[in-house]
Amino acid sequence: MEQNHLKKINFVKNSLFEQGYLDEQFTQLEDLQDDANPNFVEEIVTSFYSDSTRLIRNVETALENHPLDFCKLDNYMHQFKGSSSSIGAKKVKVECNQFQECCKARNAQGCIMAFQHVKQEHSTLKRKLEAYFQILRQVE
């Protein structure tokens, strides 16, 4: 493996941790990856994005209903937070917590604003991880 590629991979990964996008759970996923399943982490992350896209649609639909069903919204966000935690998506998880706090306070406007932050962090992480996996694929 070319030394420059290794440096680039480590730089990108370290920056994701330093910027708070990822936590130690991501490293634990990478530890599970081996020669028998060399794309394990990317497959798990792809599955997360498939799952979370469905949850985003569910939350968007629930936010259109009036009055808001805060219990249903909280349940959706609980699932979203769990999925985010499973891949180490730290900033997404933090925003999910904010959304849940708004649900507990029955704050409709807060939920709408927090959901925008959830989607923004989700989208940002997706772009950053896609770039990271693209660099990894160049080495294979």
Side-chain angles (χ1 to χ4, degrees):
M1 193 178 304
E2 188 182 320
Q3 196 67 10
N4 284 342
H5 256 88
L6 278 177
K7 284 182 182 179
K8 188 172 184 179
I9 289 167
N10 286 329
F11 175 79
V12 171
K13 184 167 104 175
N14 289 339
S15 71
L16 290 170
F17 281 91
E18 290 167 6
Q19 294 171 21
Y21 288 103
L22 296 175
D23 64 22
E24 66 282 346
Q25 181 61 34
F26 188 82
T27 304
Q28 290 175 10
L29 282 178
E30 287 186 319
D31 290 344
L32 297 173
Q33 189 164 282
D34 58 18
D35 291 340
N37 197 353
N39 299 319
F40 177 74
V41 176
E42 187 172 4
E43 290 168 7
I44 295 296
V45 169
T46 299
S47 176
F48 162 74
Y49 277 104
S50 173
D51 225 28
S52 58
T53 298
R54 175 186 52 81
L55 286 168
I56 285 171
R57 279 195 307 269
N58 289 346
V59 172
E60 286 173 340
T61 301
L63 285 172
E64 292 171 1
N65 295 330
H66 296 285
L68 291 182
D69 184 339
F70 290 103
C71 186
K72 182 186 280 188
L73 286 166
D74 186 63
N75 286 335
Y76 286 144
M77 201 51 60
H78 181 75
Q79 291 174 44
F80 203 128
K81 183 172 72 175
S83 295
S84 300
S85 293
S86 73
I87 68 157
K90 187 176 180 179
K91 282 190 176 186
V92 176
K93 186 173 69 173
V94 166
E95 296 302 335
C96 289
N97 281 332
Q98 285 299 119
F99 184 97
Q100 288 187 292
E101 289 300 316
C102 292
C103 285
K104 287 180 185 128
R106 304 184 66 77
N107 178 349
Q109 196 59 38
C111 284
I112 292 167
M113 290 178 64
F115 186 56
Q116 293 307 314
H117 292 160
V118 168
K119 290 194 307 185
Q120 181 179 349
E121 290 302 337
H122 177 266
S123 176
T124 300
L125 180 63
K126 183 175 184 178
R127 278 193 320 276
K128 289 181 178 287
L129 285 175
E130 283 173 349
Y132 173 68
F133 290 128
Q134 185 175 2
I135 295 166
L136 284 177
R137 285 191 298 273
Q138 291 172 358
V139 177
E140 295 173 347

Under the side chain to side chain contact (heavy atoms under 4.5 Å, CB included) criterion, do F26 and V41 qualify, and how do the steps go? CA-CA 8 Å; F26 188 82; V41 176; 3.7 Å; yes

Salt bridge (Lys or Arg N to Asp or Glu O under 4.0 Å), that's the test. Do R137 and E42 meet it? Break it down for me. CA-CA 10 Å; R137 285 191 298 273; E42 187 172 4; 2.3 Å; yes

Might you work through the side chain to side chain contact (heavy atoms under 4.5 Å, CB included) test for N107 and C111, ending with a clear yes or no? CA-CA 6 Å; N107 178 349; C111 284; 5.7 Å; no

List the steps, then state whether side chain to side chain contact (heavy atoms under 4.5 Å, CB included) holds for S52 with S84. CA-CA 8 Å; S52 58; S84 300; over 6 Å; no

Could you walk me through whether K8 and I135 pass the side chain to side chain contact (heavy atoms under 4.5 Å, CB included) check? CA-CA 8 Å; K8 188 172 184 179; I135 295 166; 3.8 Å; yes

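Between E60 and K119, at least one side-chain N (NZ, or NE/NH1/NH2) sits under 4.0 Å from a carboxylate O, which counts as a salt bridge. A salt bridge between K13 and E30 is present, with a side-chain N of the basic residue lying under 4.0 Å from a carboxylate O of the acidic one. Between E101 and K104 there is a salt bridge, since at least one side-chain N of the basic residue sits less than 4.0 Å from a carboxylate O of the acidic one.
At least one donor-acceptor pair closer than 3.5 Å links the side chain of K91 to the backbone N or O of Q19. The main-chain N or O of K72 is found under 3.5 Å from a side-chain atom of D69 such that the two form a donor-acceptor pair. For the pair Q33 (side chain) and F40 (backbone), a donor-acceptor distance under 3.5 Å is present. Using modelled atom types, one side-chain atom of S15 and one backbone atom of V12 make a donor-acceptor pair closer than 3.5 Å. Counting only distance, with no hydrogens or angles, the side chain of S47 and the backbone of E43 share no donor-acceptor pair below 3.5 Å.
The shortest side-chain heavy-atom distance between L22 and I87 does not fall under the 4.5 Å cut-off. By the 4.5 Å heavy-atom criterion applied to side chains, I9 and Y132 are counted as neighbours. In this structure, the side chains of K7 and N10 stay at 4.5 Å or more apart for every pair of heavy atoms.
Follow the hydrophobic side-chain contacts under 4.5 Å out from M113 and you never reach V92; the two are in separate clusters. Cluster annotation: V94 is not connected to F99 through the hydrophobic network of ILVMFWY side chains, with a link wherever side-chain heavy atoms come within less than 4.5 Å.
Pairing each heavy atom of A36 with each of P38, the nearest pair is C-CD, 3.6 Å. Between K90 and G20, the closest heavy-atom pair is CB-O, 3.3 Å. For the residue pair Q25 and S85, the shortest heavy atom distance occurs at CG-O, 3.1 Å. Nearest heavy atom pair, residue L68 against residue A108, reads CD1-CB, 3.5 Å.
Aromatic ring orientation, F80 versus H122: perpendicular (interplanar angle above 60°, classes split at 30° and 60°).
If you take NZ on K126 and CD on E121, they are separated by 15.0 Å, rounding to the nearest 0.5 Å. Of the inter-residue distances, the one linking C71 atom SG with R106 atom CZ reads 9.0 Å to the nearest 0.5 angstrom. Summarising the geometry, atom NE2 belonging to H78 is positioned 6.5 Å from atom NZ belonging to K81; distances are rounded to the nearest 0.5 Å. How far OH of Y49 is from CG of L125: 3.5 Å, rounded to the nearest 0.5 Å. Considering OG1 of T46 and CG of D51, their distance stands at 12.0 Å, rounded to 0.5 Å. Annotation: the span from C102 atom SG to F115 atom CZ amounts to 13.0 Å, rounded to 0.5 Å.
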